[in-house]
There are 2 protein chains.
Amino acid sequence: MRLRIATWNVNSVRLRAEQAARFVDEQAPDVLCMQEIKCQDGEFPREAFEAMGLPHIKIAGQKGWHGVAIASRLPIEDTPTLMNCREGHARCVAVKVAGVEIQNFYIPAGGDLPDRVANPKFDHKLDFYETLTAALKKRDPKAPLIVTGDLNIAPGENDVWSHRQMLKVVSHTPAELEAFDAMIKSMDLLDLPRLATPEPEKLFSWWSYRAADFRKSNRGLRLDHILASPGLREAAIVDGKVSSQVHDTVREWERPSDHAPVTADLKI
Amino acid sequence: MRLRIATWNVNSVRLRAEQAARFVDEQAPDVLCMQEIKCQDGEFPREAFEAMGLPHIKIAGQKGWHGVAIASRLPIEDTPTLMNCREGHARCVAVKVAGVEIQNFYIPAGGDLPDRVANPKFDHKLDFYETLTAALKKRDPKAPLIVTGDLNIAPGENDVWSHRQMLKVVSHTPAELEAFDAMIKSMDLLDLPRLATPEPEKLFSWWSYRAADFRKSNRGLRLDHILASPGLREAAIVDGKVSSQVHDTVREWERPSDHAPVTADLKI
DNA sequence: GTGCGTAGAG
DNA sequence: CTCTACGCAC
């Protein structure tokens, strides 16, 4: 069976429910992990997700900001999140689907100044990574685990439009690249979209709203990730190939999210 | 030649430009007087009005609030407004089209409490009427003049859903009815929509957004007016008939203004 | 209920 | 530029 997992920072699920329906119709994900739903649990448009064939829903919402959710075609089993947000924000949600544990995160953006002392948001971001990395180290790498979401770091030189310029910009600073790398090494996580589209090809999942024409300037970043535990290696790599993509055409739709959805397939 | 004059409180011209195009397409007004455009002069969607065949435009805008404009199929001649707003709001705009002077006003709503001392907004409203009435008295009644806009008073018993209940509500209080009457008497202005639809038939041009179904409750008010000077009597009353209507179906459109457009025809 | 202003986040 | 929150006006 093919299990297609999608992650999408929807930037308000109430404003994007119709686009979610279109995306689900076109790409048929079995599990849709969302970030920045920007609503409380009771305000989540459940009916819309039921109508699009994803009736099994787990929501971690809060008023107006952040908020994560998972909507699934298959029944979900409740499972604890790997960690909790230090600041009490709704940034973590997890389920088990078809025997696969899915941990969905909206990691803090980290503010403008890449300085842990002067900028508490940047400290929060790195602390989030440290806590997550520590939690992953305690887990059995052979267990089937997906770590996904808007992780707000573009880890590779080809995950940013300009490595040189971005090294000074939060999302691609050396401290963040190290934090991301440490997380990956915690259990040798597989970076599925990047395995499917190897370097040096550029791969982005986010483009700023501020650009007049995001295609023209193409100043994107790869902030949205689907990472698989070693226990999922055989499920993710089939005949030497990984099936995973960034659905960047979604970024062209009317009134889009600034993030494009990312999918990856597991053969389970 | 038929000159069709329309007045419409659009409640944000930028949000309503498409609806204006539809209305102009369906009703073919020669002159469209707008209120509550809620934008500055430079933010007015000129191109949209040019495209709908109303390229001659006069705008009195301000940031975010109030704002009036006139868009015309025929060339416009600049003409001074009959008065200026005491508070400096953009509430008055005037043009001359085909020899007819058109004075377009967005008269203050007047707040909740009908008390000139306790409520400065109510005082401003009555003061606006007094100033306008004084200005009209100085004009030659035989000159072709239209006074139109959102005048924020429902003058007659059949211009409100409940005369008894509304006598205590700003827009239909005794002081306002007197002020409206004094304005009419200043030069025996003709109330064109009411002449076309005589009492006791109810006639409304505004329905609150707060009603779930405005058709069902039908708690409307006639706040939007097209008044003609005696000099336009023969132009407005043709074979004993006045051609004027409230286009209330516009209120049913998607994301409507809370006001419906009103039109009146002159034979000139 | 709807659309503005302001501010903050991204 | 595009979201949220809050407050105000209508």
Side-chain angles (χ1 to χ4, degrees), chain A residues 9-16 19 35-40 43 61-67 87 89-91 106-113 119-122 124-125 150 152 169-171 205-214 217 219-221 223-224 251 253-259, chain B residues 9-16 19 35-40 43 61-67 87 89-91 106-113 119-122 124-125 150 152-154 169-171 206-214 217 219 221 223-224 251 253-259:
Chain A
N9 179 321
V10 290
N11 192 7
S12 174
V13 73
R14 285 175 294 180
L15 283 176
R16 233 65 76 183
Q19 293 191 29
Q35 305 86 39
E36 288 206 82
I37 62 171
K38 291 185 173 173
C39 68
Q40 298 176 66
E43 298 167 333
Q62 73 173 75
K63 189 175 179 180
W65 296 102
H66 322 306
E87 306 295 328
H89 303 159
R91 295 183 177 275
Y106 173 49
I107 296 188
D112 286 334
L113 194 72
N119 175 7
K121 289 179 191 164
F122 193 70
H124 184 204
K125 182 175 193 171
D150 176 358
N152 261 317
V169 179
V170 170
S171 66
S205 65
W206 173 90
W207 293 263
S208 169
Y209 278 128
R210 287 173 219 188
D213 181 345
F214 87 96
S217 51
R219 295 193 170 184
L221 303 176
L223 302 178
D224 302 280
R251 183 64 177 76
W253 295 353
E254 277 283 300
R255 283 192 148 266
S257 167
D258 44 353
H259 293 253
Chain B
N9 178 321
V10 290
N11 192 7
S12 173
V13 73
R14 287 175 293 181
L15 283 174
R16 231 67 72 185
Q19 292 190 32
Q35 306 85 36
E36 286 207 83
I37 63 171
K38 289 186 174 173
C39 67
Q40 299 176 64
E43 298 166 334
Q62 74 174 74
K63 189 176 177 181
W65 296 103
H66 322 306
E87 307 294 329
H89 303 158
R91 294 182 178 275
Y106 173 50
I107 296 189
D112 286 334
L113 195 71
N119 175 7
K121 288 179 191 164
F122 193 71
H124 183 205
K125 182 175 193 172
D150 176 359
N152 261 317
I153 290 177
V169 178
V170 171
S171 66
W206 172 91
W207 293 263
S208 169
Y209 278 129
R210 289 173 217 187
D213 181 344
F214 87 97
S217 51
R219 296 194 170 185
L221 304 175
L223 303 178
D224 302 280
R251 184 63 178 76
W253 294 354
E254 277 284 299
R255 281 192 149 269
S257 166
D258 43 354
H259 293 254

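What's counted below: heavy atoms across the whole structure, side chains too, no hydrogens, waters or symmetry copies. Residue numbers begin at 1 in each chain, while the letters A, B, ... track the order of the sequences.
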**Prompt:** According to a 3.5 Å limit on both distances, what stems of 3 or more consecutive Watson-Crick or G-U pairs are formed with DNA chain D?
**Reply:** C:1-10 with D:1-10
**Prompt:** Do the side chain of A/Asn9 and the main chain of A/Asp150 share a donor and acceptor less than 3.5 angstrom apart?
**Reply:** no
**side chain to side chain donor-acceptor pair (under 3.5 Å) between A/Glu36 and A/Asn11, intermediate numbers included** = CA-CA 5 Å; A/Glu36 288 206 82; A/Asn11 192 7; 5.9 Å; no
**Request:** For each nucleotide in nucleotides 5-10 of chain D, reading 5' to 3', give B when a protein heavy atom comes within less than 4.0 Å of its base, S when such contact involves only the sugar-phosphate, and - otherwise.
**Result:** SS-BSB
**Prompt:** Between which nucleotides of DNA chain C, 5' to 3', does chain B make heavy-atom contacts below 4.0 Å?
**Reply:** C/dG1 to C/dT6
**Message:** Just to verify, what does A/Glu87 make a salt bridge (charged side-chain N to carboxylate O under 4.0 Å, His left out) with, not counting sequence neighbours?
**Reply:** none
**Fill in**
When rounded to whole Å, the CD to C1' distance for the pair A/Gln40 and D/dT4 reads 12 Å
**Item:** B/Phe214 backbone acceptor or donor facing B/Arg219 side chain under 3.5 Å
**Value:** no
**Prompt:** Donor-acceptor pair, B/Lys125 side chain versus B/Val170 backbone, under 3.5 Å?
**Reply:** no
**Message:** Tell me whether the rings of A/Tyr106 and A/His66 are parallel (<30°), tilted (30 to 60°) or perpendicular (>60°).
**Reply:** tilted
**Request:** Could you tell me whether the phosphate oxygens of D/dT4, OP1 or OP2, come under 4.0 Å of any side-chain nitrogen or oxygen in A/Ser12?
**Result:** yes
**Message:** Can you list everything that forms a salt bridge (charged side-chain N to carboxylate O under 4.0 Å, His left out) with B/Arg14? Sequence neighbours excluded, please.
**Reply:** B/Glu43
**Item:** Note, B/Lys121 side chain near B/Pro108 side chain (heavy atom, < 4.5 Å)
**Value:** no
**Message:** Using the side-chain hydrogen bond (donor to acceptor under 3.5 Å, both in side chains) criterion, which residues pair with A/Trp65? Sequence neighbours excluded.
**Reply:** none
**Prompt:** Judged by atom type as modelled, is there a donor-acceptor pair below 3.5 Å linking the side chain of A/Ser205 to the main-chain atoms of A/Leu223?
**Reply:** yes
